[in-house]
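Structure record follows, encoded as structure tokens.
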There are 2 protein chains.
Amino acid sequence: MNASATIKAPFDRDKQFAAKRRAVILSAASAFRRRGYHNTSMVDIAKTLGLTKAALYYYVRNKEEILFESHLMAYDSMDKILKRPQSGEDGLENLANVFREFVSLLTQSGVSLLTDVDSLSGKSREQILARRGKIERRVIKLVKAGQKDGSIRIGDARLQVFFFMGALNWLNAWYDSEGRLKGDDIADHFVEQLRSGIMAE
Amino acid sequence: MNASATIKAPFDRDKQFAAKRRAVILSAASAFRRRGYHNTSMVDIAKTLGLTKAALYYYVRNKEEILFESHLMAYDSMDKILKRPQSGEDGLENLANVFREFVSLLTQSGVSLLTDVDSLSGKSREQILARRGKIERRVIKLVKAGQKDGSIRIGDARLQVFFFMGALNWLNAWYDSEGRLKGDDIADHFVEQLRSGIMAE
DNA sequence: TTAAAATTTGAACCTTGAGTCAAATTTATT
DNA sequence: AATAAATTTGACTCAAGGTTCAAATTTTAA
């Protein structure tokens with residue numbers, strides 16, 4: 001314990017700054033998801049935070065950086081889910097668990113999956129596409145494991161993944177947390193349809 | 001046969017105009033799909049057609065009208081598919097047929113399913129959302145018919161539809177007609193996954 | 001070959017919205 | 001209460017890109 005230690009909260013400046021910056025990005029991401037990147041102005045973003053446009057530039061280099069960080073935030077969350085130890089009985093169960101958590105992520109937490117990657121330029125776009133590719137590859141691996149242990153139907157794993165990841169992206173587009181559908185109900189439903197499609201047994 | 005009848009093609013002006021206008025819209029729609037509406041400038045659209053920006057305004061009132069007509073074009077095609085007499089044995093087969101044709105539409109014809117409806121203003125947006133809603137409702141009806149005849153699992157039909165329509169929208173985003181995947185192969189695969197999910201039997 | 005209509009163009013105009021900056025205000029610390 | 005750092009602001013600049021239009025060019029039909 002050195003001389004600068006105090007009893008009360010030390011009011012960590014960096015922490016405060018980081019928290020506000022994060023709020024800016026999350027709020028903007030939500031707007032991007034609903035209205036689109038180009039249909040959301042810096043003034044819009046500032047207003048919903050009770051700030052003025054210029055103040056945003058204290059937390060962020062430019063608008064594109066917000067989009068970039070929005071993407072990162074979503075992919076970080078997905079990575080975290082994918083890195084959790086897989087506790088399922090077989091590959092299918094593992095995949096279902098991951099998928100359920102993806103659905104929960106998009107319906108419960110404020111995290112948004114953005115598609116407007118073409119509004120990023122050069123290096124940033126590459127980086128985001130790389131992250132997305134990495135996640136896709138991980139999910140494909142899960143599917144292949146399930147195929148190997150006999151729990152998942154043999155087929156082009158990549159296509160299988162694209163199919164249900166489409167459901168995820170589309171969910172992200174239409175889901176409204178104010179609506180009557182509970183996120184968990186959707187998760188149950190989606191997991192079931194992921195497994196068994198819509199055919200009656 | 002009246003006096004104005006000729007042997008050679010009569011060179012129908014309106015037809016010519018309509019064809020060129022259609023070309024403008026289809027070409028633009030393709031660019032919108034790949035790069036996004038706001039990332040595609042009027043100059044971009046003009047250039048790929050070998051025209052100059054100003055020439056576009058001979059065929060089109062403004063950029064938004066192109067987006068509007070792009071949407072209409074896709075929904076017209078989907079309507080046409082939905083209006084074909086349903087020849088399947090049961091509801092599931094009917095739905096599968098429609099879904100297969102949707103996939104073919106997006107992979108074979110140049111038609112693109114656009115999502116950027118928020119770049120339309122007021123009346124146009126309403127109109128497009130109404131069209132989309134109408135299509136969704138028709139597909140939901142198909143699902144409900146299948147539930148009634150026992151070929152489709154009982155459940156929230158709306159959610160079931162959103163799930164596989166997501167696959168369609170996502171397909172539209174990633175599918176590249178130059179790629180190694182044949183449209184028909186994708187259709188087969190997707191129809192199978194629509195029916196039975198990914199679980200091994 | 002010619003003239004009217006259709007089509008295309010170059011050169012502007014105009015609006016929107018991102019980004020900048022010096023000054024004002026607020027907050028933490030003494 | 002004083003002060004230095006952190007934060008916010010108003011007013012501005014600037015570029016991008018959509019839109020207009022009179023004039024130039026091309027096409028059709030006689």
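In what follows, chains are A, B, ... by sequence order, proteins preceding strands, each numbered from 1. Just so we're clear, the structure is a prediction, and the values are computed from it rather than from any experiment.
- The side-chain hydrogen bond (donor to acceptor under 3.5 Å, both in side chains) search around B/Asp116 returns B/Ser119, not counting sequence neighbours.
- Residues satisfying the ring-ring contact (aromatic ring centres under 6.0 Å, His included) test with A/Tyr57, not counting sequence neighbours, are none.
- Rounded to an integer number of Å, the gap from A/Lys47 NZ to C/dG17 P is 11 Å.
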Show which side-chain atoms of residues 164-172 of chain A pair as donor or acceptor with protein atoms under 3.5 Å away, not counting sequence neighbours.
from     : atom 1 : to       : atom 2 : distance (Å)
A/Asn169 : ND2    : A/Met165 : O      : 3.1
A/Asn172 : OD1    : A/Leu113 : N      : 3.3
A/Asn172 : ND2    : A/Leu113 : O      : 2.5

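- To the nearest angstrom, C1' of D/dT20 lies 16 Å from CD of B/Glu65.
- Using a 4.0 Å cutoff on non-hydrogen atoms, no part of residues 22-33 of chain A comes near DNA chain D.
- Partners of A/Leu159 under the side chain to side chain contact (heavy atoms under 4.5 Å, CB included) rule, at least two apart in sequence or in another chain, are A/Asp156, B/Trp174, B/Leu181, B/Ile186, B/His189, B/Phe190.
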Atom pairs, protein N/O to nucleotides 18-20 of chain C N/O, distance under 3.5 Å:
from   : atom 1 : to      : atom 2 : distance (Å)
C/dA18 : OP1    : A/Lys63 : NZ     : 3.0
C/dA18 : OP2    : A/Met42 : N      : 2.9
C/dA18 : N7     : A/Lys53 : NZ     : 3.0
C/dG19 : OP2    : A/Tyr57 : OH     : 2.9
C/dG19 : OP2    : A/Lys63 : N      : 2.9
C/dG19 : N7     : A/Lys53 : NZ     : 3.3
C/dG19 : O6     : A/Lys53 : NZ     : 2.6

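- Put simply, NZ on B/Lys15 is 19 Å from C1' on C/dA6, counting in whole angstrom units.
- Every side chain to side chain contact (heavy atoms under 4.5 Å, CB included) that B/Arg137 has, sequence neighbours left out, goes to B/Lys134.
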Name every donor-acceptor pair, under 3.5 Å, that has one atom in a side chain of residues 40-50 of chain A and the other anywhere in the protein, sequence neighbours excluded.
from    : atom 1 : to      : atom 2 : distance (Å)
A/Thr40 : OG1    : A/Gly36 : O      : 2.8
A/Ser41 : OG     : A/Val43 : N      : 3.4
A/Ser41 : OG     : A/Asp44 : N      : 3.1
A/Ser41 : OG     : A/Asp44 : OD2    : 3.2
A/Asp44 : OD2    : A/Ser41 : N      : 3.0
A/Thr48 : OG1    : A/Ser27 : OG     : 3.4
A/Thr48 : OG1    : A/Ile45 : O      : 3.0

Distance-only donor-acceptor hits, side chain of residues 78-90 of chain B, under 3.5 Å, sequence neighbours excluded:
from    : atom 1 : to       : atom 2 : distance (Å)
B/Asp79 : OD1    : B/Arg138 : NH1    : 3.3
B/Asp79 : OD2    : B/Arg131 : NH2    : 2.7
B/Arg84 : NH2    : B/Glu101 : OE1    : 2.4
B/Gln86 : NE2    : B/Leu82  : O      : 3.4
B/Gln86 : NE2    : B/Arg84  : O      : 3.3
B/Asp90 : OD1    : B/Leu92  : N      : 3.3
B/Asp90 : OD1    : B/Glu93  : N      : 2.8

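- With sequence neighbours excluded, the residues satisfying side chain to side chain contact (heavy atoms under 4.5 Å, CB included) with B/Ile154 are B/Gln147.
- Straight-line distance from the CG atom of A/Leu56 to the P atom of C/dC21: 17 Å, rounded to whole Å.
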Under 3.5 Å, which protein N or O atoms sit close to an N or O of nucleotides 3-7 of chain D? Give each pair with its distance.
from  : atom 1 : to      : atom 2 : distance (Å)
D/dT7 : OP2    : A/Tyr58 : OH     : 2.3

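- The backbone N or O of B/Ile198 lies less than 3.5 Å from no partner atom in the side chain of B/Gln193, so there is not a single donor-acceptor pair.
- Listed by chain and residue number, nothing satisfies the side-chain hydrogen bond (donor to acceptor under 3.5 Å, both in side chains) test with B/Gln127 (two or more places apart in sequence, or in another chain).
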